[in-house]
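Worksheet: the structure to be examined is printed underneath.
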Amino acid sequence: MTSVYKNLTLCLEQIRQKTDIIPKTALVLGSGLNKFTDIIDIVCTIDYHDLTGFPVSTNPMHNGRFIFGYIHQKPIVAMDGRIHYYEGYTMQQVVMPIRLMKMLGAETLILSNAVGGIKKDLNVGDFMIINDHITSFVPSPLIGKNVHELGTRFPDMSHVYNKELNDIIKQCAKELNIDIKEGIYLQTTGPNYETPAEIRAYQTLGADAVGMSTACEAMAAVHCGFKVCGISCITNKASGISAEPLSDEDVAIVASQSSDNFCKLIKSLIKSI
């Protein structure tokens, strides 16, 4: 048993001392999108710092806790705040919550984030279904000794984002009259925003949106057997595409303004899974 798996097992035992909920769906709430917690029928909350050896969120937009409860009578676990590589953690620590939620029993993972739009038809406030990603600019969370209790040494990444789930998202958006687009997401390390030259390079690679999280989580999720989908909120135009300076304050404002539709969409998605 690897040290990574031992630590996960300990955290699992600590959670089970507080709740016996077996979630069907796991959800990661991105920057400014934590209003979703208001519509969860909450049974239990567990702060990250209450779990032994667990990383703690340092970004003020991320509360750093697990929320256990129900949406449409379906059991869920939500990360009210994620862990970022730019906070100084290793990639193995960054994906620790993903692996733990799988060990809790969750089968489907819904990832969300606030991103910069690269593709011209992605406007501020739009939602984008992630249909593929580029992780070449960040270390793989699977580097090191394989945690064979979770998955294989060389997992296939041909279909990271589940087509069936993406089709359900499209149908839910249509029924709610929410315009939604699709695209390829590229993850950088952060915490700095990208330069215009970097964005032009990412365009050449085929990226439609850029951010500082998510893709590494999706990679770890596929490794441990999750069905994965991802929804991005376009909170700004990427550097060089817009002349406006970039700031986390603006990201939070736009995400908050989009949160009502985000909540409706995710609630409908969970009901339909």
Side-chain angles (χ1 to χ4, degrees), residues 5 7-30 33-52 54-55 57 62-83 95-113 129-130 149-151 160-169 171-173 175-176 213-214 217-218 220-231 259-273:
Y5 193 71
N7 197 180
L8 286 166
T9 301
L10 175 58
C11 291
L12 178 62
E13 291 172 354
Q14 292 173 330
I15 289 175
R16 285 295 173 231
Q17 291 172 5
K18 297 183 178 181
T19 179
D20 59 0
I21 287 180
I22 299 177
K24 178 180 179 181
T25 302
L27 175 66
V28 181
L29 299 174
L33 299 173
N34 55 3
K35 186 178 179 181
F36 185 79
T37 60
D38 294 341
I39 64 173
I40 300 173
D41 182 9
I42 297 175
V43 173
C44 176
T45 63
I46 299 175
D47 291 344
Y48 298 161
H49 62 69
D50 290 335
L51 300 174
T52 302
F54 205 82
S57 298
H62 294 258
N63 291 324
R65 60 177 182 163
F66 285 117
I67 296 179
F68 293 85
Y70 294 87
I71 292 287
H72 290 296
Q73 290 77 52
K74 294 186 176 182
I76 70 159
V77 56
M79 284 179 65
D80 185 12
R82 60 165 30 102
I83 308 300
V95 302
M96 192 174 176
I98 304 299
R99 290 169 160 171
L100 183 56
M101 290 190 293
K102 186 65 173 68
M103 291 172 67
L104 283 163
E107 300 170 356
T108 299
L109 175 65
I110 303 171
L111 297 166
S112 68
N113 57 19
I129 298 171
I130 303 175
E149 294 91 346
L150 297 178
V160 174
Y161 301 92
N162 185 274
K163 184 181 183 302
E164 180 183 352
L165 290 175
N166 284 354
D167 288 343
I168 294 173
I169 295 171
Q171 183 60 36
C172 291
E175 292 172 359
L176 293 167
S213 67
T214 307
E217 298 166 340
V222 169
H223 175 254
C224 65
F226 264 120
K227 289 183 178 180
V228 183
C229 63
I231 301 174
S259 61
D260 285 345
N261 277 342
F262 173 78
C263 291
K264 291 176 185 177
L265 182 58
I266 299 300
K267 188 176 181 181
S268 178
L269 171 59
I270 291 173
K271 182 180 180 180
S272 302
I273 294 174

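Sequential numbering from 1 along the given sequence is applied to the chain's residues. Values below: every heavy atom of this structure, side chains too, minus hydrogens, waters and symmetry copies.
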Query - Steps toward side-chain contact (heavy atoms from CB on, under 4.5 Å) verdict (I266, I231) - result: CA-CA 9 Å; I266 299 300; I231 301 174; 3.6 Å; yes
Query - Nearest heavy atoms of A106 and T25, plus distance in Å - result: CB-C, 4.2 Å
Requested in this report: State, yes or no, whether a side-chain contact exists between R99 and V95 at a heavy-atom distance under 4.5 Å.
Outcome: yes
Report summary line: Distance col, row I169:CD1 vs I130:CD1, nearest 0.5 angstrom, shows 9.0 Å
Report summary line: Applying ring pair (Phe, Tyr, Trp, His ring centres under 6.0 Å) to F262 and not counting sequence neighbours gives none
Requested in this report: Check the pair I71, K271 against side-chain contact (heavy atoms from CB on, under 4.5 Å), reporting the backbone distance first and the verdict last.
Outcome: CA-CA 7 Å; I71 292 287; K271 182 180 180 180; over 6 Å; no
Requested in this report: Using a 4.5 Å cut-off on heavy atoms from C-beta on, say whether the side chain of L176 contacts that of S268.
Outcome: yes
Query raised in the report: Got a salt bridge between R65 and D80, using NZ or NE/NH1/NH2 to carboxylate O under 4.0 Å?
Result: yes
Query raised in the report: Say you draw a straight line from CZ of F36 to CD1 of I67; how long is it, rounded to the nearest 0.5 Å?
Result: 9.5 Å
Report task. Go through the side-chain N and O atoms of N113 and T214 and say whether any donor and acceptor fall under 3.5 Å apart. Result -> yes
Report task. Given side-chain contact (heavy atoms from CB on, under 4.5 Å), test I42 with Y70 step by step and report yes or no. Result -> CA-CA 7 Å; I42 297 175; Y70 294 87; over 6 Å; no
Query raised in the report: So do the side chains of K227 and L165 get within less than 4.5 Å of each other, counting heavy atoms only?
Result: yes
Query raised in the report: Can you tell me how far CD1 of I22 sits from CZ of R16, rounded to the nearest 0.5 angstrom?
Result: 5.5 Å
Query raised in the report: Going from NZ on K24 to CD1 on I273, what distance comes out if it is rounded to the nearest 0.5 angstrom?
Result: 7.0 Å
Query raised in the report: Looking at V160, N166, N162, which one forms a side-chain contact (heavy atoms from CB on, under 4.5 Å) with C229?
Result: N166
**Report entry** Straight-line distance of I129 CD1 to L265 CG, nearest 0.5 Å
**Finding:** 8.0 Å
**Report entry** Side chain proximity check, I21 to V77, heavy atoms < 4.5 angstrom
**Finding:** no
Query - Least distance between heavy atoms, G230 atom then Y161 atom - result: N-CD2, 4.0 Å
Query raised in the report: Side-chain contact, heavy-atom cut-off 4.5 Å: M103 with L8?
Result: yes
Requested in this report: Considering non-hydrogen atoms only, spot the tightest contact between S259 and K35 and give its length.
Outcome: OG-CD, 3.2 Å
Report task. Check for a donor-acceptor pair, side chain of S112 on one end and backbone N or O of V28 on the other, with a separation under 3.5 Å. Result -> yes
Requested in this report: Using distance alone, with no hydrogens and no angle criterion, decide if Q14 and T52 have a side-chain donor and acceptor under 3.5 Å apart.
Outcome: yes
Query raised in the report: Is any side-chain heavy atom of K267 closer than 4.5 Å to a side-chain heavy atom of I39?
Result: yes
Query raised in the report: So, do I40 and F68 sit near enough that their side-chain heavy atoms are less than 4.5 Å apart?
Result: no
Query raised in the report: Going by the angle between their ring planes, with limits at 30° and 60°, are F66 and Y48 parallel, tilted or perpendicular?
Result: perpendicular
Query raised in the report: Taking 4.0 angstrom as the limit, do E217 and R82 come out as a salt bridge?
Result: yes
Query raised in the report: If you measure from CG on L100 to OG1 on T9, what distance do you get to the nearest 0.5 Å?
Result: 9.5 Å
Requested in this report: Applying side-chain contact (heavy atoms from CB on, under 4.5 Å), run through M101 and L109 and close with a yes or a no.
Outcome: CA-CA 9 Å; M101 290 190 293; L109 175 65; 4.1 Å; yes
Query raised in the report: Salt bridge or not for K264 and D260, using N-O below 4.0 Å?
Result: no
Query raised in the report: Would you say the side chains of E13 and Q17 form a donor-acceptor pair under 3.5 Å?
Result: no
Query raised in the report: So which heavy atom on C172 is nearest to which on S272, and how close?
Result: SG-OG, 3.6 Å
Requested in this report: Taking the side chain as every heavy atom from C-beta outward, state whether F54 and M96 have any pair of such atoms under 4.5 Å apart.
Outcome: yes
